[in-house]
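Worksheet: the structure to be examined is printed underneath.
From a predicted model like this one, the values you see are computed outputs, not experimental measurements. Each chain gets a letter, A, B and so on, in the order its sequence line appears, and its residues count up from 1.
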There are 2 protein chains.
Amino acid sequence: MNSSLDYANEFMPSIYAAPVFKTLLCARKELLSPRQKAEIKKYSKLIRIDQGVVVYEEGEEASYVWNIARGLIETYHLLPQGTRRITSFLFPGDLLGLMENGFYVSTARTVQPVIAFQIPIQVLSELALSDSQLSAALLTKLCQDLREAQRHIICISQKDAAPRLATFILWLCTIYGNDVEPPKELSLPLARHQIAEYLGLTTESVSRAFHLLESSKAIMRRTPRLISILDMEKLRSFSTLEVGAGILS
Amino acid sequence: MNSSLDYANEFMPSIYAAPVFKTLLCARKELLSPRQKAEIKKYSKLIRIDQGVVVYEEGEEASYVWNIARGLIETYHLLPQGTRRITSFLFPGDLLGLMENGFYVSTARTVQPVIAFQIPIQVLSELALSDSQLSAALLTKLCQDLREAQRHIICISQKDAAPRLATFILWLCTIYGNDVEPPKELSLPLARHQIAEYLGLTTESVSRAFHLLESSKAIMRRTPRLISILDMEKLRSFSTLEVGAGILS
DNA sequence: CGAACTATTGACAGTCGTCAAAGAAGGTGG
DNA sequence: CCACCTTCTTTGACGACTGTCAATAGTTCG
């Protein structure tokens, strides 16, 4: 699934946390000190994982945690009827490998080619035990992830498809945008079915929701994977959540 | 909102984690050592909070964390249109007070009268920094909460009301049941509107879902707050999730 | 016992999931 | 570089279920 990287010096471990202030778009904050980065780098292996590869499966015994440097990962659960529910997307700066009692709680799969630091959990435990600042950083990151999950819950508790999709697009803007102004164009890293599996809808509904947002001139589909944001305010008005304030800050 | 308790010796701090094994019902596991319990007890205050009291509000500066000893708490977000979305319920053994950058991320309110240890975050931070085992316990608890949130996500990503309600009831069974067998009767600590706000439905839909589960003889409503579990298998068949296995273990 | 609140049930409009088919996009090999 | 094939996306029609509004029944507490 992976290959060692010879251009290892290009990357450094980093863990980001979203900002607390309620500006619309802003970069996430680094949680690690240079010393901690060096420590993690020393004891971990920088690997590349191809697109579409299952990194680990639900219920598997956990042996690593990954710090994503580049790329995109989805975690999901397979439901009895064979449907998939995506529970989270992980971006550069995120930590992959949520476990419980030593077993991974969901399945993880690369959506884009990924470059990541592969950290043996043993190593991370020891580092955390000896470095209480690192331990605090991990706690902060987990709080962050928990809040992210709550945002997800509120997003999909909206009944209609358009508000869910609008909320999702606005969220992507906060991730891929810079901290000055909203992006005019947004390149979607996901296929329709992945958006649907994240939003608790079908691909058809997602498609219809795109149509609705487009016909209201909030966005425009350049290609299925590239959209233009025409009217941020209108897009925001679709979402029940006050994106850029409150929970989606 | 609270009063000091003179019968303080009756309670001890405790943090539970759900079990890893996939049995249907089993008690949760204690994460704290007796020494850690004593430490926390020493530096915290045992308080009682009446029913229906707002413990803290979203965006408020965070000064305490609570370890619930008895009672039930809901955390929620108020959406712009005035609707409420309950993001979690907290039971005895849970930690209340999720914060981000020093501010609470949601509003917390007691659903039942609560007895809890009120721990200044300053104290908890210091204890965690000096006791790496405690720090690890907190990490474990947060992983637990994160998994709980994922379970919630999967629950409300089910389209129909009956599966959501069935999943919810089965979940309550795992919390209030003993670890030997499913409870025959279940006393609901929540009003219909609270169930609805948690499941992303309306009270009417919850009511109709109860009717459906009842007419299929899976459950029976004794009173609005007390139901009999007639057929566990049938109840389980409503839920898309394999409760008692997989994600709801 | 009565009043206020909670829960239930009914009718109707709107939206989603399903099934089906057509249209676009991207990748491969000649 | 182009034709072809596969995969992804979009659109349409229809049945089912939820939200809304409204009215009735049941519970609980003073």
Per the ring pair (Phe, Tyr, Trp, His ring centres under 6.0 Å) rule, which among B:Y64, B:F103, B:W66 passes with B:Y56?
B:W66
Take A:G200 and A:T223, find for each the nucleotide of DNA chain C with the closest heavy atom, and name the residue whose nucleotide sits nearer the 5' end.
A:G200
Set of residues satisfying side-chain contact (heavy atoms from CB on, under 4.5 Å) with respect to B:T107, sequence neighbours excluded:
B:V54, B:E57, B:E58, B:Y76
How bent is the helix from C:dC1-D:dG30 to C:dG30-D:dC1, comparing axes over its five end pairs at each side, to the nearest 10°?
50°
Looking at A:T202, I'd like to know whether one of its side-chain N or O atoms comes within less than 4.0 Å of OP1 or OP2 on C:dC16.
no
Mark yes when over 12 heavy atoms from residues, nucleotides or ligands other than B:R225 sit less than 6.0 Å from its CZ; otherwise mark no.
yes
Answer with yes or no whether the side chains of A:E185 and A:S228 bring together a donor and an acceptor at under 3.5 Å.
yes
Mind listing the residues from residues 203-214 of chain B sitting with a heavy atom below 4.0 Å of DNA chain C? Number order is fine.
B:E204, B:S207, B:R208, B:H211
Test item: side-chain donor near acceptor, A:Q158 and A:T167, under 3.5 Å:
yes
Calculate the interatomic distance between A:R222 atom CZ and D:dT9 atom C1'; express it in whole Å.
18 Å
Of the listed nucleotides D:dT9, C:dC16, C:dA7, the one nearest the side chain of A:A191:
D:dT9
Run through B:R222, B:R208, B:R221, B:K234 and flag the one making a salt bridge (Lys or Arg N to Asp or Glu O under 4.0 Å) with B:E214.
B:R221
Ring center gap for A:Y176 and A:W171 short of 6.0 angstrom
no
Can you find a side-chain donor-acceptor pair between A:T87 and A:S106 that sits under 3.5 Å?
no
Distance, rounded to the nearest Å, where B:D160 contributes CG and C:dT15 contributes P:
18 Å
So, is A:R221 close to the D:dT9 phosphate, meaning a side-chain N or O under 4.0 Å from OP1 or OP2?
no
